[in-house]
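What you see is a predicted model; the values in this text were computed from it and never measured. In listed order, ligands and their atoms are each counted from 1. Each residue takes its place number in the sequence, starting with 1.
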Amino acid sequence: MTTIERPELKIIHTSDVHLGAYDAGKSDDGVGLEHAFSSVVNLAIAEDADLVIIAGDFFDNARVKEHTLEFAASELARIDRPTVIGPGNHDHVGPYSVYDRFDLADACPNVTLLRGRDGETAEFPALDLEIWGRAHTETLMDFSPFEGIPERGSYAWSLAVGHGHFIHPKALLHHSFHILEEELAASGRDYVALGHWEQMTRVSAGDTVAAYSGASEGLGGHNGGHALRVHLKSDGEVALTALQLGEGGAVIENDDIPILEGLSASEM
Ligand SMILES: [Mn+2]
């Protein structure tokens, strides 16, 4: 690792927003999900974040109603700073994608959608930062979020985003979208933003810091409710703070966030 000073940056990481999950039901059922995402947007503005990452399942499905698309576009634009979306299994970018229903680049020019089937890197020279992600393109159970991740580039900060199941000793029933601790450790990234789990969880990843932000509001009603503030410090340290969304929410500092150990490929 280089000892050259890096720019100090603040990132807000969220995932599993599931906008439109209740669009087929009563008209006001989705208000909680929308309110939770607005809280994340407010947080990014209040924290004066340099970048926002949405690690998949921003939309719940491709048939969400028009008003949900309009809400999403206006809130994404309101962030008014670089925002990266790594598509998940619910908002994949394959045929009939929800992202084909509106012109994201036109409605919210601050947003970068990582559409690459084999992964792609978005570059932010002003932040001296790059972020790689591989989009879900349809519901393929054997999709591997970190397959083919290239070596880090020459930017001071190199991040990745992935949407799937981290494999740990109690997760053997998770049969899809595998993420292995050794893949994260070998990624060479400073931070890996994970999505797919509703519960905020930091995972073991060698020298890489990797975490699920958890859902902004869980669909089941009892998980979720957090966003992560990722502090990239000039000495290379990556510090996490879990922020409970809403008035007077609790704050969990880096060292108090437990780390979930993974299983190696040979133990699976
Ligand atoms: Mn998911």
Modelled atom types, side-chain donor and acceptor of Glu8 and His231, under 3.5 Å: yes

Are a donor atom and an acceptor atom from the side chains of Thr14 and Ser213 found within less than 3.5 Å of each other? no

Can you list, by chain and residue number, the protein N, O or S atoms under 2.8 Å from the Mn ion (ligand 1)? Asp57 OD2, Asn89 OD1, His163 NE2, His196 ND1

Kindly check if the number of other-residue, nucleotide or ligand heavy atoms within 6.0 Å of NE2 (His67) is above 12? yes

Is Arg117 atom CZ crowded by more than 12 heavy atoms from other residues, nucleotides or ligands, each under 6.0 Å away? no

Is the closest basic N to carboxylate O distance between Glu66 and Arg101 below 4.0 Å? yes

In terms of ring plane angle, is the pair Tyr99 and Phe59 parallel, tilted or perpendicular, where the classes change at 30° and 60°? perpendicular

